[in-house]
Amino acid sequence: MSIRNILLSFTGLIVLTWAWDALILHPVSGEIIWVVRQHALYLSGLLAFGFMSFMMFLATRPVWLEKSVGGMDKIFALHKWGGILAIVFALAHWLLKLGSGPIQSLIGKVGKSVKPPPLAWMLEYKSIAKDMGEWAIYALLIMLAITLYKRIPYRQWRLLHKIMPVIYLVLVFHTLGLMPAVYWAGPSGWVTLVLLVIGTASAVIALTQRIGATHQHAGHILEMSQPADNVLELVCDPGPQWPGHTPGQFAFLRFDTHEGAHPFTISGTRQIQTSEHETQTQLVFEIKALGDYTKGLRQRLQIGQAVRIEGPYGQLDYRHGREDAQQIWVAAGIGITPFLAWLESLATNHSLQENKPITLHYSVRNAQTDPFVKLVQSLCDSLPFVTLNIHDASQQQRLTIQDLIAPEAALNDPHDIWFCGPNQFAQKLRQDLRARGLRQTQFHQEMFEMR
């Protein structure tokens with residue numbers, strides 16, 4: 001199910017339950033402008049709180065949702081867009097509240113709808129609940145601005161982001177203090193109560209730093225190397241409890257208790273025989289210096305250093321493709337890492353006769369200096385069913401949709417495209433696919449956006 005459809009379905013659930021309460025069970029009377037404002041005020045409030053609860057739940061990294069959603073990276077995307085929608089609806093809710101003054105100056109209080117009272121045991125807290133809700137909206141707007149302003153370093157953003165569970169609990173109090181008591185007995189109240197319980201439990205998990213705790217493993221760094229100036233290769237021992245993983249999955253690495261966990265693809269695996277009956281699993285990570293955090297890793301890390309490894313996560317797996325579809329793999333820059341894991345797995349574990357043709361397109365800035373070109377070429381040379389195409393930007397070899405699917409390809413020919421790389425590049429390829437009208441093409445993308 002796509003991210004858009006999940007968000008639309010969730011919105012539809014909130015709207016339908018609200019409509020049953022507001023329009024059927026408890027209709028409002030009065031001047032039309034006052035009635036519309038009151039309905040919009042409650043609906044926007046329910047949507048804002050619903051998406052805040054949804055966002056808090058997704059922040060706990062629910063592994064059991066991965067298969068349904070398409071991977072933990074898609075859960076992060078849902079979390080991000082759920083948060084944005086929550087803030088948009090919260091802003092609308094706040095503006096509608098402020099709209100009472102202009103409406104009164106326009107038509108007066110005649111025909112103003114009577115607001116249903118909140119829960120009886122919250123009446124004495126109604127005023128403070130209103131004020132706290134307003135303060136929470138200010139905080140949410142500031143958080144949105146900081147999130148969208150990418151120049152603020154990730155570390156500072158993360159520290160500020162940690163107050164989100166507190167803001168959520170403030171909104172729980174606001175909802176309890178102002179939501180009409182009659183709504184609690186109807187469908188919208190039932191849904192809100194479920195979301196409130198789930199969201200509150202999720203906020204407690206976040207505040208007690210228990211997110212991902214059941215999937216964390218105490219490991220250490222075994223080897224460090226630098227295949228290129230801006231790439232750091234780490235070989236880590238994940239510890240004896242590592243459950244294993246499928247090629248293409250990723251894990252969160254935390255090297256410092258004061259630093260947040262960061263996701264990196266497991267680009268390779270080594271099995272070392274430690275005794276006659278035991279082997280040690282070693283995980284290989286290729287980390288490119290892309291931001292303020294990764295640029296300084298080489299200076300901060302050392303062999304033997306402890307590392308907290310959380311995972312594995314992710315559902316990017318070419319084996320989930322359609323039987324009759326042509327396999328097309330597209331990597332850009334450090335996005336080659338999941339494909340390295342796939343190629344390594346094919347070279348060591350799979351019978352060559354069982355595999356159908358695969359075309360790998362690798363887009364690089366400069367093929368002469370890229371640290372992975374030779375490795376990719378070596379792996380592909382050992383796999384006769386894999387065709388490798390290197391697209392060297394320094395030689396003006398820009399990858400286009402015509403390189404992926406020939407112009408003469410039939411509209412109904414099935415193609416499975418597996419992509420890992422910059423999001424803007426993916427968006428351009430998706431647009432070109434739609435323009436070509438290739439109805440049977442499926443585009444699978446790994447999304448690594450933490451903010």
Take the angle between the ring planes of [X] and [Y] and call it parallel below 30°, perpendicular above 60°, tilted in between.
{"X": "F419", "Y": "F425", "result": "perpendicular"}
{"X": "F57", "Y": "W64", "result": "tilted"}
{"X": "Y42", "Y": "Y183", "result": "perpendicular"}
{"X": "F89", "Y": "F51", "result": "parallel"}

Are any of the side-chain heavy atoms of [X] and [Y] separated by less than 4.5 Å?
{"X": "R254", "Y": "E310", "result": "no"}
{"X": "L58", "Y": "L65", "result": "yes"}
{"X": "R270", "Y": "E223", "result": "yes"}
{"X": "W418", "Y": "F443", "result": "no"}
{"X": "T269", "Y": "H245", "result": "yes"}

Restricting to non-hydrogen atoms, name the atom on [X] and the atom on [Y] that form the minimum distance, rounded to 0.1 Å.
{"X": "G248", "Y": "A341", "value": "N-CB, 3.7 Å"}
{"X": "P243", "Y": "P312", "value": "CG-CD, 3.8 Å"}
{"X": "H361", "Y": "I328", "value": "CD2-CG2, 3.9 Å"}
{"X": "P238", "Y": "T281", "value": "CD-O, 3.0 Å"}
{"X": "T265", "Y": "F285", "value": "O-CD2, 3.4 Å"}
{"X": "E286", "Y": "S267", "value": "CG-OG, 3.3 Å"}

Less than 6.0 Å separating the ring centroids of W342 and W329? yes
Side-chain ion pair, [X] and [Y], N-O less than 4.0 Å:
{"X": "D317", "Y": "R319", "result": "yes"}
{"X": "E233", "Y": "R298", "result": "no"}
{"X": "R322", "Y": "D416", "result": "yes"}
{"X": "D432", "Y": "R436", "result": "no"}

Distance under 6.0 Å and angle within 45° of ring axis: R61 vs F252: yes
For a side chain to side chain donor-acceptor pair (under 3.5 Å) check, start with the C-alpha distance between Q445 and N423, then their side-chain angles and the critical distance, and finish with the verdict. CA-CA 9 Å; Q445 180 187 359; N423 192 46; 3.0 Å; yes
Is it true that, when you exclude [X] itself, more than 12 heavy atoms of the residues, nucleotides or ligands shown sit nearer than 6.0 Å to its [atom1]?
{"X": "Q299", "atom1": "CD", "result": "yes"}
{"X": "R365", "atom1": "CZ", "result": "no"}
{"X": "W184", "atom1": "CH2", "result": "yes"}
{"X": "Q424", "atom1": "CD", "result": "no"}

